[in-house]
Amino acid sequence: MASSWRRHGQYEYRVVTIDRDVSVPDARKMLTEEAEYGRWELARSRLYLGGERRVWLRRKIIKARSTL
């Protein structure tokens, strides 16, 4: 599994590449854990000819503001 990070507008994106050797239940479990603990949501997914899957996850960027 490989991943990369990007920021665009109000969202932060993470692109996850899942090898074709990873089963669908294992991939689902991995993405569910990312969503639950990392507060990521599924933005896009693609299945390529070789069986590789690429998944785009996103989460809203929360900026802390000073209250002073």
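When the side chain to side chain donor-acceptor pair (under 3.5 Å) test is applied to E33, no partner is found at least two apart in sequence or on another chain. Looking at residues two or more places apart in sequence or on another chain, you find no side chain to side chain contact (heavy atoms under 4.5 Å, CB included) involving A35. Judged as a side chain to side chain donor-acceptor pair (under 3.5 Å), and not counting sequence neighbours, the contacts of S23 are D26. For R20, there are no salt bridge (Lys or Arg N to Asp or Glu O under 4.0 Å) partners, not counting sequence neighbours. A search for side chain to side chain donor-acceptor pair (under 3.5 Å) contacts involving R53 returns nothing, not counting sequence neighbours.
Under a 3.5 Å cut-off, the side chain of R59 and the backbone N or O of G38 do form a donor-acceptor pair.
A single hydrophobic cluster is not seen to contain both L47 and V55; linkage of ILVMFWY side chains at heavy-atom distances under 4.5 Å, directly or through other members, places them apart.
Nearest heavy-atom pair, W40 versus Y13, reported as atom, atom and distance to 0.1 Å: CZ3-C, 4.1 Å. In this structure, L57 and L42 approach most closely via the heavy-atom pair CD2-CA, 4.1 Å. In terms of heavy atoms, V22 sits closest to A27 at CG1-N, 3.9 Å.
Only one option out of R28, M30, E34 pairs with T32 in a side chain to side chain contact (heavy atoms under 4.5 Å, CB included); it is R28.
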Please test T17 against E52 for side-chain contact (heavy atoms from CB on, under 4.5 Å), starting from the C-alpha separation and ending with a verdict.
CA-CA 7 Å; T17 304; E52 179 181 86; 3.5 Å; yes

Given E12 and R14, is the salt bridge (charged side-chain N to carboxylate O under 4.0 Å, His left out) satisfied, shown in steps?
CA-CA 7 Å; E12 178 178 25; R14 181 175 178 194; over 6 Å; no

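For residues 36-47, the pairs satisfying salt bridge (charged side-chain N to carboxylate O under 4.0 Å, His left out) are E41-R58, with sequence neighbours left out.
Heavy atoms of other residues, nucleotides or ligands lying less than 6.0 angstrom from OH of Y48 number more than 12.
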